[in-house]
Asks: 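Structure incoming, see below.
Source: prediction; values computed, not measured. Within every chain, numbering begins at 1; the chains are lettered A, B, ... in the order of the sequence lines, protein sequences first and strands thereafter.
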2 protein chains.
Amino acid sequence: MDINNLCLGTLCLTDASGYEIKKMFEDSFSHFQAVSFGSIYPALAKLSDQGLVSYREEAQEKRPNKKVFSITPEGRQHFFDNLMQTEPSEQYRSDFMVLMMFAHLLPEQRLEQIMQTQISQVSAELEILKGISESCCELTPGMRFTLEYGIAANTAVLELMQRRHKPLLKEIARHQQGKEKR
Amino acid sequence: MDINNLCLGTLCLTDASGYEIKKMFEDSFSHFQAVSFGSIYPALAKLSDQGLVSYREEAQEKRPNKKVFSITPEGRQHFFDNLMQTEPSEQYRSDFMVLMMFAHLLPEQRLEQIMQTQISQVSAELEILKGISESCCELTPGMRFTLEYGIAANTAVLELMQRRHKPLLKEIARHQQGKEKR
DNA sequence: ACATACATGTAAATAGTTACATGATTTC
DNA sequence: GAAATCATGTAACTATTTACATGTATGT
């Protein structure tokens, strides 16, 4: 699912500027999809050239002008076709896990720091997701599901980290001593 | 954490060929890190030029020759420095979640199919992780932890999908009818 | 006969991210 | 006085994937 389709999808929900599209993903769906200005503006320009979106320029008081994009019937069809074809694949890349994989090479203090950072980040993410789920009432059932999904995954790994944190440090220390003796 | 460091890390554990490094990640740690030949061979060549790894060519019977790489003391130091500096960041990108986000635009049959595919994939992943965890005894405590982490996350989302699968389809159908009436 | 495992490597294409450029307004 | 929010856009860079090229041996 590329940035073009994410723009089309968002514009199926409501008209929006590039800035607003980015804001929406950053605020509510960053747990499964990143977006940056450097990709969103060229994407909207390209979609406009292809006739899949149109836009009107809106002047604002005390704010810069904005380009408000709307999806065209062709854009809607194009997006629908993509939804019907796209496979539900996933990719996860974690530096935290790579660091943990080589935990036995690190001093205890550094490991403690890595664990604490990860616990903080997952906790923060969890609070954000819960916050959106509670406060926002304009969500579709599918959107609510993505929040539930994030909450379930984050809750589970947070519980694991809190439970295994201390024992793990001991196991690693024991492993390091075992290696030294040989 | 780039491919160079993944190679150095693997070679801290044992000498290996490019093929073997890829196999190790593919077999046991693909749940948080992808590797492909197109990135691994150039990376090893570069590391060799920099003096961070060395290699010997090994002839094999009934098999092509292989280049067996070893980490040098400089390589070990370089990898350690990186482990000390790398932040435990994570990125997750999910087409499944994007599809679910726009579930209200899809026919029930397609939604059913997406859900079933995701359930199968998560189940399969879970079985693989449990399999490695049980059968493989040469894992460091940190590696075991990465498996536990994957098991925890996948178990939680699988439970969620099984529990919310049917009710969600009904909620979405209701939402679609609500839209039509307006 | 066909697919898979073993084994290495290159080149083109993809899909981004990061940094830069600009500038008003508001909040701390 | 600094940082954040609003707002759009470009260009260089990075990292990686995909496809191609080559070849043996084994299993189905």
Side-chain angles (χ1 to χ4, degrees), chain A residues 1-8 10-11 15-27 30 32-49 53-69 82 86-87 89-95 98, chain B residues 1-8 10-11 15-27 30 32-49 53-69 82 86-87 89-95 98:
Chain A
M1 215 48 129
D2 60 21
I3 189 71
N4 301 295
N5 278 304
L6 292 178
C7 289
L8 290 177
T10 308
L11 297 175
D15 291 358
S17 65
Y19 190 87
E20 286 162 351
I21 294 172
K22 194 204 168 216
K23 207 168 162 295
M24 179 187 160
F25 276 96
E26 214 166 50
D27 288 353
S30 61
F32 64 87
Q33 192 53 70
V35 281
S36 66
F37 288 131
S39 59
I40 223 164
Y41 287 118
L44 287 169
K46 198 183 131 200
L47 291 169
S48 188
D49 288 345
V53 304
S54 61
Y55 67 90
R56 56 181 188 277
E57 259 176 276
E58 266 184 26
Q60 296 185 115
E61 272 175 51
K62 299 182 184 178
R63 287 267 166 251
N65 289 5
K66 55 171 166 173
K67 280 189 181 179
V68 179
F69 290 85
N82 273 302
T86 301
E87 287 308 303
S89 64
E90 307 201 87
Q91 62 173 85
Y92 175 58
R93 195 156 297 195
S94 171
D95 281 1
V98 176
Chain B
M1 216 47 130
D2 60 20
I3 189 71
N4 301 296
N5 278 304
L6 292 177
C7 289
L8 289 178
T10 309
L11 297 176
D15 290 358
S17 65
Y19 191 88
E20 286 162 350
I21 294 172
K22 193 203 168 217
K23 207 166 162 294
M24 178 185 162
F25 275 96
E26 214 165 49
D27 289 354
S30 61
F32 65 85
Q33 192 53 71
V35 281
S36 68
F37 288 132
S39 59
I40 222 164
Y41 287 117
L44 286 168
K46 198 183 131 200
L47 291 170
S48 188
D49 288 345
V53 304
S54 62
Y55 68 89
R56 54 182 188 277
E57 259 176 277
E58 266 184 26
Q60 296 184 115
E61 270 174 52
K62 299 182 183 178
R63 289 267 167 250
N65 289 5
K66 55 171 166 172
K67 280 189 182 178
V68 179
F69 290 85
N82 273 302
T86 301
E87 289 306 304
S89 63
E90 308 200 86
Q91 62 174 86
Y92 174 59
R93 196 157 296 196
S94 171
D95 281 2
V98 176

Asks: Using atom CD of Glu61(A) as one end and atom P of dT26(C) as the other, report the distance to the nearest whole Å.
Replies: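 It works out to 11 Å between those atoms.
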Asks: Let me check the geometry of the helix from dA1(C)-dT28(D) to dC28(C)-dG1(D). What is the bend angle between the axes at its two ends, five pairs each, to 10°?
Replies: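 End axes: 50° apart.
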Asks: Sequence neighbours left out, what passes side-chain hydrogen bond (donor to acceptor under 3.5 Å, both in side chains) with Asp95(B)? Give chain and number order.
Replies: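 Testing Asp95(B) for side-chain hydrogen bond (donor to acceptor under 3.5 Å, both in side chains), a comparison that skips the adjacent residues, returns none.
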Asks: Lys46(A): what forms a salt bridge (Lys or Arg N to Asp or Glu O under 4.0 Å) with it, not counting sequence neighbours?
Replies: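 Listed in chain order: nothing, the list is empty.
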Asks: Can you list everything that forms a salt bridge (Lys or Arg N to Asp or Glu O under 4.0 Å) with Asp2(A)? Sequence neighbours excluded, please.
Replies: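 In terms of salt bridge (Lys or Arg N to Asp or Glu O under 4.0 Å), with neighbours along the sequence ignored, Asp2(A) is linked to no residue.
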Asks: Going by the rule side-chain contact (heavy atoms from CB on, under 4.5 Å), which residues pair with Ser94(A) if we only count those two or more places apart in sequence or in a different chain?
Replies: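 Here the qualifying residues are Tyr92(A), Phe96(A), Met97(A), Phe32(B), Glu90(B).
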Asks: Just the rounded figure in Å: distance from P of dC6(C) to CD of Glu26(B).
Replies: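 After rounding, the reported distance stands at 10 Å.
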Asks: Report which part of the nucleic acid Lys22(A) touches: base, sugar-phosphate, or nothing (heavy-atom distance under 4.0 Å, all strands).
Replies: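 It contacts nothing in the nucleic acid.
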Asks: With the side chain of Lys67(B) defined as its heavy atoms from C-beta on, choose the nearest nucleotide among dG9(C), dT8(D), dA5(C).
Replies: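 Given the options dG9(C), dT8(D), dA5(C), the side chain of Lys67(B) is closest to dG9(C).
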Asks: Mind checking salt bridge (Lys or Arg N to Asp or Glu O under 4.0 Å) for Asp15(A) and listing every partner two or more places apart, or none if nothing turns up?
Replies: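 Asp15(A) satisfies salt bridge (Lys or Arg N to Asp or Glu O under 4.0 Å) with Arg56(A) only.
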Asks: For Ala16(B), which residues count as a side-chain contact (heavy atoms from CB on, under 4.5 Å) partner, sequence neighbours excluded?
Replies: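 Scan of Ala16(B) (side-chain contact (heavy atoms from CB on, under 4.5 Å), adjacent residues dropped) gives Leu11(B), Glu20(B), Ile21(B).
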Asks: Compare the minimum distances between each of dG9(C), dT8(D), dC6(C) and the side chain of Tyr41(A), then state the nucleotide with the smallest one.
Replies: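 My answer, after comparing the listed nucleotides, is dT8(D).
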Asks: Measure CD/Gln60(B) against C1'/dA5(C) and give the value in whole Å, please.
Replies: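 Roughly 12 Å, once rounded to whole Å.
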Asks: Taking salt bridge (Lys or Arg N to Asp or Glu O under 4.0 Å) as the test, write out the residues that go with Lys22(B), two or more places apart.
Replies: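 If we apply the salt bridge (Lys or Arg N to Asp or Glu O under 4.0 Å) test to Lys22(B), skipping adjacent residues, the hits are Glu26(B).
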Asks: Nucleotide by nucleotide, 5' to 3', does protein get under 4.0 Å of the base (B), only the sugar-phosphate (S), or neither (-) in nucleotides 13-18 of chain D, counting heavy atoms?
Replies: ---SBB
Asks: When you match Asn65(A) and Pro42(A) each to their closest nucleotide on DNA chain D, which lands nearer the 5' end?
Replies: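 Going by which nucleotide is closer to the 5' end, it is Asn65(A).
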Asks: Among all residues two or more places apart in sequence or in another chain, which pass the side-chain contact (heavy atoms from CB on, under 4.5 Å) test with Ser48(A)?
Replies: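 Ser48(A): side-chain contact (heavy atoms from CB on, under 4.5 Å) contacts with Val53(A), Tyr55(A).
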Asks: Would you please name every residue forming a side-chain contact (heavy atoms from CB on, under 4.5 Å) with Ser54(B), sequence neighbours left out?
Replies: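 Scan of Ser54(B) (side-chain contact (heavy atoms from CB on, under 4.5 Å), adjacent residues dropped) gives Ser70(B), Thr72(B).
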Asks: Output one letter per nucleotide in nucleotides 20-28 of chain D: B when a protein non-hydrogen atom lies under 4.0 Å from the base, S when only the sugar-phosphate is that close, - when neither is.
Replies: ---B-SS--
